[in-house]
Amino acid sequence: MLKKLFAPENLLNWLLVFAPIAAVLELMHANPIAIFAASGLAIIPLAGWMGRATEHLSEKLGEGLGGLLNATFGNAAELIIALMALRKGLFDVVKASLTGSIIGNVLLVLGLSVLLGGLKYPRQIFNRTAAMIGSTMLGLSAIALLMPAVFHIIVQGKANAQEQDLSLEIAVVLIVTYVLSLIFTLRTHSHLYTGGIDKKDEQEAIGTHGWSKGRSIGTLLAATALVAVMSEFLVGAVEEASKELGLTQIFVGVIVVAIIGNAAEHSTAVLVALKNKMDLALNIAVGSSMQVALFVAPVLVFASYLFGRPMNLLFTPLEVVAVGVSVAIVTLIAQDGESNWMEGVLLLAVYAILGITFFSLPA
Amino acid sequence: MLKKLFAPENLLNWLLVFAPIAAVLELMHANPIAIFAASGLAIIPLAGWMGRATEHLSEKLGEGLGGLLNATFGNAAELIIALMALRKGLFDVVKASLTGSIIGNVLLVLGLSVLLGGLKYPRQIFNRTAAMIGSTMLGLSAIALLMPAVFHIIVQGKANAQEQDLSLEIAVVLIVTYVLSLIFTLRTHSHLYTGGIDKKDEQEAIGTHGWSKGRSIGTLLAATALVAVMSEFLVGAVEEASKELGLTQIFVGVIVVAIIGNAAEHSTAVLVALKNKMDLALNIAVGSSMQVALFVAPVLVFASYLFGRPMNLLFTPLEVVAVGVSVAIVTLIAQDGESNWMEGVLLLAVYAILGITFFSLPA
Amino acid sequence: MLKKLFAPENLLNWLLVFAPIAAVLELMHANPIAIFAASGLAIIPLAGWMGRATEHLSEKLGEGLGGLLNATFGNAAELIIALMALRKGLFDVVKASLTGSIIGNVLLVLGLSVLLGGLKYPRQIFNRTAAMIGSTMLGLSAIALLMPAVFHIIVQGKANAQEQDLSLEIAVVLIVTYVLSLIFTLRTHSHLYTGGIDKKDEQEAIGTHGWSKGRSIGTLLAATALVAVMSEFLVGAVEEASKELGLTQIFVGVIVVAIIGNAAEHSTAVLVALKNKMDLALNIAVGSSMQVALFVAPVLVFASYLFGRPMNLLFTPLEVVAVGVSVAIVTLIAQDGESNWMEGVLLLAVYAILGITFFSLPA
């Protein structure tokens, strides 16, 4: 089994070695950049294992409950990192990681999938209806993040209580929409999401074929616990590390943390795109963005009330613009039901422009 | 006939009882909230009767003139309410009711139609070309409302004369486009709008089958006169009523007045959606929004010059954003030529988010 | 040959008479308005000759090199005018002419083509995939122009060095994307762009059939030299002329200079639309806008470093909004793969609204 764990197709597993390294560095109170890097690298394969265990467990639980589990834990790594940052009151990092997850999935993950898939196949097709509903949900997400920022500019900081309430109410609308979307995708219109997808291919791509229920649960628990510990280290080091690197926390949150949290989606989406399963690749990328906006974001708002320090949904103007243009460009790509390598280039070019702009922002 | 007037399918007619109540309350100088509520409730069935009479009269007049009448008087109730508010110089209420009409039709009316229709039929289809032309006209409307606001921000209030001229010139562009769009929909490309629509279904849905010309004209005149009187009461009470209710005039205009003015479209659009006539439902909702932007808005600007107090087209930033995001989301929904209940949920979710934001705005 | 030069189909050639007139006026230090008008009018046919010679030469060079030449010199007239303005440090005029070229091509050129073509044919169709990739590239362009403006507003002018670097880096992303798009359109997916287009029709429409290589090169060199001289005159007179006409330089750049630079595209696009070759008309209009944004704009940024006075990509808010709404409306038009005259009206209406707004801006 160890042999398979470190087989060529599981190269990311080598990164597991950074988990003990991070623990040692943390105990030694080593340089925060080292702690940040080690714990970040360790999260990448762990998030992958969480995903695989969830996927496998869902399968055993049957369509209804399994789909729910899968949909809810699909972004568990992002959620855990964000909760750790939330507990420490690092609201900017929390929001930046949400922004980064949304734009990273639709631009970087989808861009790479479309580009690499497109280099192999001149024209890849996918279900337009599912793609457009995904785009529309992303549109709703962008609107939900836009309104508190617009409100903030209009009231010019003179209505803090209303701003907090507005965010909470928008969070409620988002989570209700999310629950309804689960009924849509898992119950009333599940054929749209499974029609073009061969279940076996998906399993092979993510390597969950033939796990027992016990192994799935054990792996899920162990990986989740380790992700929580690593996130604790990561978040604890983020302030110092960004300062020493001369980077703003917002850049680290939007670009670095988001890439760490989404690395698992990355490899899976690219793998299925190379197998010409663009429906699944799109589903992973757009679905993941949508989940972060409609599920993770409101859950974090609600959790912040439990932690006693309410967080609002007021994002910085650049974050709002970044989410808006990402949704616009992915809609343009998705609406014709087919993709080619140039569309991947365009998604990556937008990601590059946004990345450069976040990088250029002074602290 | 009275029996049919109050039949289950004409439940709204019961609201006619509020017309005399509103008159009595107005004469008694009663509480403004009561006057506002009574006159608002009375307008709902009256607007419906105006619509039915117009529809019927159009039919007698034949395609050309009839279509013109129908297109011009389709939003007569909104126009009358707005003219009353304009005469009193309540520019913010006028503009808010325009905004509310535009977003209410494409989000609330269409959202409910798509949701309820979608609960009955898993997939409803409509003519994409007509839907996309409607979306594009809404896009033009959003751009037309955006430019004065952008201009205002750029010149920072230092160019009032130019702002007024700009609005007037944009109003001219809009009405010219509207006239050309009538030629398009009624003459050169009428097949796009009648192809999928069974005339008889439409008549049954709105209950105009078998009216005489005299009865149509009589009903139209009577309903219009009553709407004018009720609007006078409504607008006269709006300032005091909003103050007493602790609501801003902009919220009352955008949400409350718009729902009153569009109630007739509401019931018709939902009824035809339940009969799986999505072409017609979309036509009512998108067509009505478009008509408000391209016909009612410029007519109000021109009328304001006659009243001696010119009104511009400078909307508040939140109104501009609301119209922009509404147009964007309805375009995402419309462009694939099919709808399902989840798309209705998404439209309603955006309406809820916008409604909450308008509600949260301090005075 | 002279007879054909001034045949009815070559009416624009009559404008060549303004080249010597402009030279005489310039030598006489005549009224700047006269110099501006004469040199502007002279550029119109010269740009057409440059285009024809390039087209013809490309044909001789074969697909690869020829396509490259065609793509690179397609907007040579705009590039030369902008370089002359850049050398004089008239950055606002340079940027305004870029903005005007982008919006002029997709709104005015495409709008007239769609309108006039649509008056002849009730429904014109074109390749959706090529149209959508064009729209998406325009979307990237709009995002690229948006980010420096957003950055500028966020840092409130306190980060000039970063602003300059940001613009340079975005210019690099744009030109890399442009090079990749050439590989896409000329190599890997050239079938999308030639499938519906009859090469002979294109040649007839632009009148290049049967030129020798020598004649092509000679015409290209002569026309380019003359355009350079005329641009020198035009740019030299622009400041004084706009002042005397009471127009802002930005209006002159966005509307007047852009119409001069794009007049050749205009006539070709309208001619092919009238022959029901909408694929080609769209290709000319959208392709030209895209080329200005992805090739001309970054080349000007790079050139500005050679001239010793670096230019950034910070456009005024109105320019950013204008490009954004133009891209949005052309996407709405293009995405269904068919056009009709009303869509042409809508494009022209948006152009009118933007033109009026630029005109209303105080200096």
Side-chain angles (χ1 to χ4, degrees), chain A residues 103 107 111 114-115 118-125 128 132 135 149 153 248 250-251 315-363, chain C residues 127-151 153-156 158-159 161-185 188-189 191-192 294 313 324 327-328 331 334-337:
Chain A
I103 70 172
L107 298 179
V114 169
L115 173 60
L119 290 177
K120 201 163 163 191
Y121 305 93
R123 180 169 168 268
Q124 298 189 291
I125 57 165
R128 283 189 65 213
M132 283 316 302
S135 293
I153 291 170
T248 59
I250 200 166
F251 177 80
F315 286 75
T316 64
L318 189 54
E319 288 174 302
V320 172
V321 169
V323 170
V325 301
S326 303
V327 171
I329 208 88
V330 81
T331 301
L332 286 175
I333 302 282
Q335 72 187 344
D336 59 356
E338 56 178 83
S339 66
N340 54 57
W341 68 265
M342 188 64 210
E343 298 188 319
V345 168
L346 290 170
L347 290 169
L348 294 172
V350 173
Y351 190 70
I353 290 175
L354 294 178
I356 293 168
T357 312
F358 276 109
F359 183 79
S360 305
L361 264 193
Chain C
N127 184 306
R128 283 189 66 213
T129 306
M132 284 315 302
I133 294 171
S135 292
T136 313
M137 289 198 200
L138 286 178
L140 170 68
S141 313
I143 293 168
L145 301 194
L146 171 65
M147 297 321 288
V150 169
F151 188 85
I153 291 169
I154 292 172
V155 302
Q156 302 188 305
K158 284 180 206 140
Q162 282 99 320
E163 279 195 66
Q164 191 58 49
D165 289 353
L166 178 62
S167 290
L168 186 60
E169 287 151 10
I170 289 176
V172 171
V173 174
L174 291 179
I175 202 115
V176 169
T177 308
Y178 184 67
V179 170
L180 294 171
S181 82
L182 291 181
I183 297 171
F184 182 80
T185 51
T188 70
H189 287 64
H191 57 280
L192 290 178
L294 302 187
L313 285 176
V327 171
T331 301
Q335 73 188 342
D336 60 356

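Residue numbers start from 1 in every chain, and the chains themselves are labelled A, B, ... in the order their sequence lines are given, proteins ahead of strands.
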One should read off an interatomic distance between A/Leu318 CG and C/Ile154 CD1, to the nearest 0.5 angstrom, of 4.5 Å
When you measure from the side chain of C/His189 to the backbone of A/Trp341, do you find a donor-acceptor pair of N or O atoms at a distance under 3.5 Å?
no
Is the number of heavy atoms from other residues, nucleotides or ligands within 6.0 Å of CD1 (C/Ile183) greater than 12?
yes
Is the shortest heavy-atom distance from the side chain of C/Glu169 to the side chain of A/Ser360 under 4.5 Å?
yes
Using heavy-atom distances under 4.5 Å, tell me whether A/Val321 contacts chain C through its side chain, its backbone, both, or neither.
side chain
At a heavy-atom separation under 4.5 Å, does A/Ala328 approach chain C through its side chain, its backbone, both, or neither?
neither
Is there side-chain contact between C/Phe184 and A/Asn340, with heavy atoms separated by less than 4.5 Å?
yes
Who among A/Leu348, A/Ile356, A/Thr331 has the most heavy-atom pairs with chain C under 4.5 Å?
A/Ile356
What do you reckon, is OH of A/Tyr121 surrounded by more than 12 foreign heavy atoms closer than 6.0 Å?
yes
Contact class of A/Val325 relative to chain C, heavy atoms under 4.5 angstrom:
both
Just how far is it from atom CG of C/Asp336 to atom CD of A/Gln335, taken to the nearest 0.5 Å?
10.0 Å
Side-chain contact, heavy-atom cut-off 4.5 Å: C/Val155 with A/Pro362?
yes
Would you call A/Met342 and C/Thr177 a side-chain contact if the rule is heavy atoms closer than 4.5 Å?
yes
Review item, side-chain donor-acceptor pairs of residues 129-149 of chain C, under 3.5 Å, at least two apart:
{"unit_1": "C/Thr129", "atom_1": "OG1", "unit_2": "A/Glu338", "atom_2": "OE2", "d": "3.4"}
{"unit_1": "C/Ser135", "atom_1": "OG", "unit_2": "C/Ala131", "atom_2": "O", "d": "3.2"}
{"unit_1": "C/Thr136", "atom_1": "OG1", "unit_2": "C/Met132", "atom_2": "O", "d": "2.6"}
{"unit_1": "C/Ser141", "atom_1": "OG", "unit_2": "C/Met137", "atom_2": "O", "d": "2.8"}

